[in-house]
Amino acid sequence: MTKKLGFGCMRFPLLDANDNKSMDFEQICHMVDTFLERGFTYFDTAYMYHEGQSECMVKEALVKRHERNTFTLTTKLPTMFLKEEADNARIFMEQLNKCGVDYFDYYLIHNLSVKNYAIAKRCNCFAFIEQMKREGKIKHTGFSFHDTPELLDEILHNHPEIEFVQLQINYLDWDSESIQSRRCYEVACKHHKQIIVMEPVKGGSLAKVPKQVESVFLNADPHASIASWAIRFAASLDHVYMVLSGMSTYGQLLDNTDYMQNFQPLTSDDCKVIEKAVTLLKSDTIIPCTACEYCVEGCPKKIAIPKYFALYNMEKQCDGFSTQKLYYKNLNQYYGKASDCIACGQCVQSCPQHLHIIEHLKTISETFETE
Ligand code: SF4
Ligand code: SF4
């Protein structure tokens with residue numbers, strides 16, 4: 001039986017925390033090898049991860065070092081970079097080359113939303129991936145999605161040929177009004193699609209929960225990691241085929257592969273523990289950013305939006321002494337400040353979480369830029 005844990009290649013360990021391209025090759029090889037030794041096979045990368053270098057790292061750490069039939073490789077067509085139909089083939093061939101393979105097991109149209117679905121239609125992306133499938137260069141076609149259940153329903157109705165969808169599902173977003181994980185899951189089930197889960201730990205925020213939430217989990221099971229509750233929540237859903245985890249350390253990989261080796265779905269008592277955690281978390285997280293970085297690319301002021309949001313959330317969860325302001329000032333050496341925002345709205349259009357980025361940046365500026 002397929003093991004339900006996939007290795008997300010968007011948060012590889014770094015040698016320099018301020019340089020997203022400085023991936024730690026040796027540690028990544030060690031992680032890849034252990035992942036495969038433990039019987040897991042699924043790897044998920046994308047054109048844009050690690051500033052365009054994740055696919056190259058996959059080639060070096062995975063493809064060159066392991067037999068092609070021992071792993072499943074997934075990547076994505078970056079709708080956000082497409083200008084015309086010819087870009088499909090150009091980028092796809094570049095991806096085969098960067099990854100060092102002659103086919104992808106799973107291939108997705110990346111990050112469909114109202115805006116990107118319009119691009120996908122204009123550039124004939126759906127017809128392109130079906131053609132690649134007929135040519136044997138793609139085994140299974142799908143798309144990742146960050147928008148309303150109504151739009152998901154429309155796309156799946158228009159494209160019954162699509163085999164799977166990748167959805168953001170985690171226990172905090174399950175019933176959230178902005179993300180609507182549950183309703184999107186239900187739409188995918190209605191269309192009988194395989195579901196792959198992204199952001200089960202919500203960009204890491206469900207692994208580092210506030211103290212009172214941590215106590216809820218540790219009281220229920222002192223041996224289970226906090227992240228394991230989030231991954232198991234997603235994996236327990238019947239129609240979920242795979243849960244992706246963007247692992248950044250060897251320790252995370254060991255933990256994830258431990259409890260997912262012989263996966264046990266959540267019991268009804270476990271579900272009550274999660275319900276309690278959700279109630280506490282909803283009263284605590286100020287800005288629910290997943291650190292996907294989709295907003296960063298187009299910002300004319302090079303503002304480190306997700307980094308500032310993470311600092312702000314930490315600041316609000318801190319009792320007493322905090323070093324967040326110091327970190328903020330350090331980041332200002334590399335990136336634009338929150339107050340540099342000119343409210344152009346580029347980032348808001350790209351944000352799959354529909355966050356009020358401009359307003360949040362004003363608050364962050366008031367919090368960290370005053371003496
Ligand atoms: S609205 Fe502000 S943060 Fe967003 S892209 Fe424009 S300048 Fe950058
Ligand atoms: S603000 Fe939105 S787009 Fe930017 S990193 Fe956070 S969730 Fe992603």
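Whatever order the structure lists them in is the order used to number ligands and atoms, beginning at 1. Keep in mind that this is a model prediction, so the values were computed, not measured. Values below: all heavy atoms of this structure, side chains included; hydrogens, waters and symmetry mates excluded.
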Sub-4.0 Å heavy-atom approach of Pro288 to ligand 2: no

of all protein heavy atoms, closest to atom 2 (Fe) of ligand 2 is Cys351 SG, 2.4 Å

Mind checking whether Tyr106 and His140 have parallel, tilted or perpendicular rings, split at 30° and 60°? tilted

In short, ring pair (Phe, Tyr, Trp, His ring centres under 6.0 Å) pairs touching residues 254-277 with sequence neighbours left out are none

Ligand 2 atoms nearer than 4.0 angstrom to some heavy atom of Thr290 are 7 (S)

If we number the atoms of ligand 2 from 1 as shown, the ones under 4.0 Å from a heavy atom of Ala291 are 5 (S)

For residues 202-222, the ring pair (Phe, Tyr, Trp, His ring centres under 6.0 Å) pairs (sequence neighbours left out) are Phe217-Trp229

| Hey, is the main chain of Glu199 close enough, under 3.5 Å, to the side chain of Asn170 for a donor-acceptor pair? | yes

Among non-hydrogen protein atoms, atom 7 (S) of ligand 2 lies closest to Gln353 CG, 3.3 Å

query: Mind checking whether His30 and Tyr250 have parallel, tilted or perpendicular rings, split at 30° and 60°?
result: parallel

Atoms listed for atom 2 (Fe) of ligand 1 (protein only, N, O or S, under 2.8 Å, no waters) are Cys341 SG

Looking only at heavy atoms, the pair that brings Cys125 and Asn88 closest together is SG-OD1, 3.5 Å

Side chain to side chain donor-acceptor pair (under 3.5 Å) filter on Arg11, not counting sequence neighbours, yields none

Out of Ser350, Cys292, Ala304, the nearest non-hydrogen contact to atom 8 (Fe) of ligand 2 is supplied by Cys292

The atoms of ligand 2 lying under 4.0 Å from a heavy atom of Pro352, numbered in the order shown, are 3 (S)

**Geometric class of the His360/His356 ring pair [parallel <30°, tilted 30-60°, perpendicular >60°]** = tilted

For Pro306, the ligand 2 atoms with a heavy-atom partner under 4.0 Å come out as 5 (S)

Inset, instruction - Take the angle between the ring planes of Phe12 and His50 and call it parallel below 30°, perpendicular above 60°, tilted in between. - result: parallel

Residue, atom and distance of the protein heavy atom nearest atom 4 (Fe) of ligand 2 read Cys295 SG, 2.3 Å

In this structure, atom 6 (Fe) of ligand 2 is nearest to the protein heavy atom Cys289 SG, 2.3 Å

When Gln95, Lys76, Lys139, Lys137 are each screened for side-chain hydrogen bond (donor to acceptor under 3.5 Å, both in side chains) with Tyr107, the one that passes is Gln95

Inset, instruction - Determine, using ring centers only, whether Phe35 and Phe71 are less than 6.0 Å apart. - result: no

among protein heavy atoms, the one nearest atom 5 (S) of ligand 2 is Glu293 N, 3.2 Å

